[in-house]
Amino acid sequence: MDQWARVQRRLRTRVGDMAYESWLSSLALVRIARDCVEISAPTRFMCHWVTNHYAQALEEVWHEELGSPRPIQVTVRAGDRAPSLPGSTPSVALEPPSLSPAAFAKSLSTGSKDPPNASPRAPPLETESPVLDRRCTFDTFVVGPPNELAHAAALRLAEADAVPFNPLFLYGGVGLGKTHLMHAIAWHIRSCSPQRRIIYLTAENFMYRFVRALRLRDTTTFKEQFRSVDVLMIDDLQFIGGREATQEEFFHTFNALVDNNRQVIASADKSPGDLEGVEERLRSRLGWGLVADLHPTTYELRLGILHSKCTQLGVQFSRSVLEFLAARITSSVRALEGALHRLIAEMTLRSGVVTVESVPDLLGDLLSANAPRVRVEDIQKVVAQHYNLHTFEMHSPRRARAVARPRQVAMYLAKQLTTLSLPEIGRKFGGRDHTTVMHAVRRVECLLKEDRLLAGDVDILLRSLRSG
Ligand code: ADP
Ligand code: MG
């Protein structure tokens, strides 16, 4: 079997048949160069989508194939660059999101525009709306303090008959669940009120469609299409920063929908006020409804998500493996999923058991990419400041509780935030033994459960150290 076929097979195993068929089956291998592997996608949209959603999977399967990491470049296949006219050629099926604009609008909406004899329930969604990820529902969303406000707002909106707030604006860092919540809202509304017409798309796609409408001199259809929906969801709105014409169009669409009491939901990586390159009037308008942010995940939430994903995928790992992942892969839920998928792949390939000892080897690059760049010295400084101590107390042999407890907290944080081993941490705390560090870590872990004051301190310290 040739390399590409092997890589494709692994990709399919990794992402599942549906995602593979929707996004990856049309990729082609262009060349394997020394400094990169080039892969082509049939359209620009597919190219972006694959880059945004499957870059990691691609890199990992190629890494496995080639025995060393190599950057992956996804390009648009030559000859396919120009977007085809709607309906002009059957290959329009490859256009985002796999349909012509009219079919697209219809595909994302149901009921009201359907012929009277059509089934009142939405037909199976896979064929209809490949943009919505089937796995992203409220059932599969794990709720914890960092995302509970956003989740509650999303659920309230999805369950409401009338428009509860307009717009709903979700924001937060990458991979924290914004898209998941938007898809969950869409699925929920579709199943409860199939007559409501929903459009979900990224701001980038909005722009793409708008520019195409301009080029085809058919902005009327474009406007009608977007202004006649019940629910408009625009994901990754930060993308329209600096794109004036698109912003202008979006602003008018937005106003038209809100004035007609239609629901608008937007997401971005920043709050409305902080969106760069976005006009003041739009920023302020976006903040009028409910603005809910998703905070970085906590250890407990990550562990909860891992348990839930394992149940969904029907796989089992030991508690210590999951705890290790939750402690070490902290950047985003997406990274966490990536790590889990890698372990699943390893388990399947080697048909073996993954032990916690083997995880660092299996995940090497993922762990280092996630390693917080926090130094023990910084931890000691920040902790000492917080407790009003001199930094040298972190190294001193003094055992008075007022000094010993903060020192234990610092050791605990060093274990959480650095990749140092226990003996290495001990050395940095005045040459203490690794058992002392272990004891400190355990002690703080226990105290965190019962001592709210200490838990609050640790939370503040973690936040300030993580934010650099
Ligand atoms: P964002 O849009 O904020 O960048 P996504 O919604 O795409 O992030 O989330 C990245 C991945 O993590 C998705 O696969 C999503 O299903 C998953 N995910 C994020 N948050 C949660 C959560 N709270 N529970 C379950 N899965 C989650
Ligand atoms: Mg997203």
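All values reported here derive from a predicted model rather than from experimental measurement. For ligands, and for the atoms within them, numbers begin at 1 and follow the listed sequence.
Using a cut-off of 4.0 Å between Lys/Arg side-chain N and Asp/Glu carboxylate O, Glu445 and Arg442 are scored as not salt-bridged. Salt-bridge annotation for Glu59 and Arg14: absent, with no side-chain N of the basic residue lying under 4.0 Å from a carboxylate O of the acidic one. The residues Arg281 and Glu248 are annotated as salt-bridged, a charged nitrogen and a carboxylate oxygen being separated by less than 4.0 angstrom.
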CA sep, side-chain torsions, deciding dist, call: Trp4, Ile39, side chain to side chain contact (heavy atoms under 4.5 Å, CB included): CA-CA 10 Å; Trp4 179 231; Ile39 287 169; 4.1 Å; yes
Side chain to side chain contact (heavy atoms under 4.5 Å, CB included) between Tyr412 and Leu448, worked out: CA-CA 11 Å; Tyr412 166 83; Leu448 285 178; 3.3 Å; yes
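The ligand atoms of ligand 1 that sit less than 4.0 angstrom from a heavy atom of Val174 are 4 (O). Atoms of ligand 1 lying under 4.0 Å from any heavy atom of Val142, numbered from 1 in the order shown and given with element: 22 (C), 23 (N), 24 (N), 25 (C). Counting atoms of ligand 1 from 1 in the listed order, those under 4.0 Å from a heavy atom of Thr140 are 24 (N), 25 (C).
Atom 12 (O) of ligand 1 has its closest protein heavy atom at Val333 CG1, 3.2 Å. With hydrogens left out, the protein atom closest to atom 7 (O) of ligand 1 is Arg334 NH2, 2.7 Å, a heavy atom. Among protein heavy atoms, atom 1 (P) of ligand 1 sits closest to Gly175 N, 3.5 Å. Atom 26 (N) of ligand 1 has its closest protein heavy atom at Lys309 NZ, 3.0 Å. Counting protein heavy atoms only, atom 21 (C) of ligand 1 is closest to Phe141 CE1, 3.8 Å. The protein non-hydrogen atom at the shortest distance from atom 6 (O) of ligand 1 is His180 N, 2.8 Å. Atom 14 (O) of ligand 1 has Glu337 OE1, 2.7 Å as its closest protein atom, hydrogens excluded (heavy atom only).
In Asn147, the part holding a heavy atom less than 4.0 Å from any atom of ligand 1 is the side chain. Within the 4.0 Å heavy-atom criterion, neither part of Arg135 lies near ligand 1. When non-hydrogen atoms are compared, ligand 1 lies under 4.0 Å from the side chain of Ile305 (C-beta onward) but not from its backbone.
For ligand 1, one of its N or O atoms has an N or O atom of Gly177 under 3.5 Å away.
A cation-pi geometry, defined here as NZ or CZ lying under 6.0 Å from the six-membered ring centre and within 45° of its normal, does not hold between Arg10 and Trp62. The cationic group of Arg285 does not satisfy the cation-pi geometry with Phe254, failing either the under 6.0 Å distance to the six-membered ring centre or the 45° limit from the ring axis.
Distances from the Mg ion (ligand 2) under 2.8 Å pick out these protein N/O/S atoms: Thr179 OG1.
Nearest heavy-atom pair across Leu362 and Leu343 is CD1-CD2, 3.9 Å.
For the residue pair Thr202 / Asn205, no side-chain donor-acceptor distance below 3.5 Å is found, with atom types taken as modelled. Defined by atom type and a distance below 3.5 Å, a donor-acceptor pair is present between the side-chain atoms of Ser228 and Arg197. Between the side chains of Ser308 and Gln312, at least one donor N or O lies within less than 3.5 Å of an accepting N or O.
Applying the side-chain hydrogen bond (donor to acceptor under 3.5 Å, both in side chains) test between Arg135 and each of Thr137, Asp133, Asp139 identifies Asp133 as the sole match.
Taking CG of Asp274 as the reference point, atom CZ of Arg283 lies at 8.5 Å (rounded to 0.5 Å).
Of the listed residues (Leu336, Thr179, Val143), the one carrying the non-hydrogen atom nearest atom 2 (O) of ligand 1 is Thr179.
In summary, the aromatic rings of Phe206 and Phe222 are positioned with their centroids under 6.0 Å apart.
Contact between His183 and ligand 1 is absent, with no heavy atom of the residue lying under 4.0 Å from the ligand.
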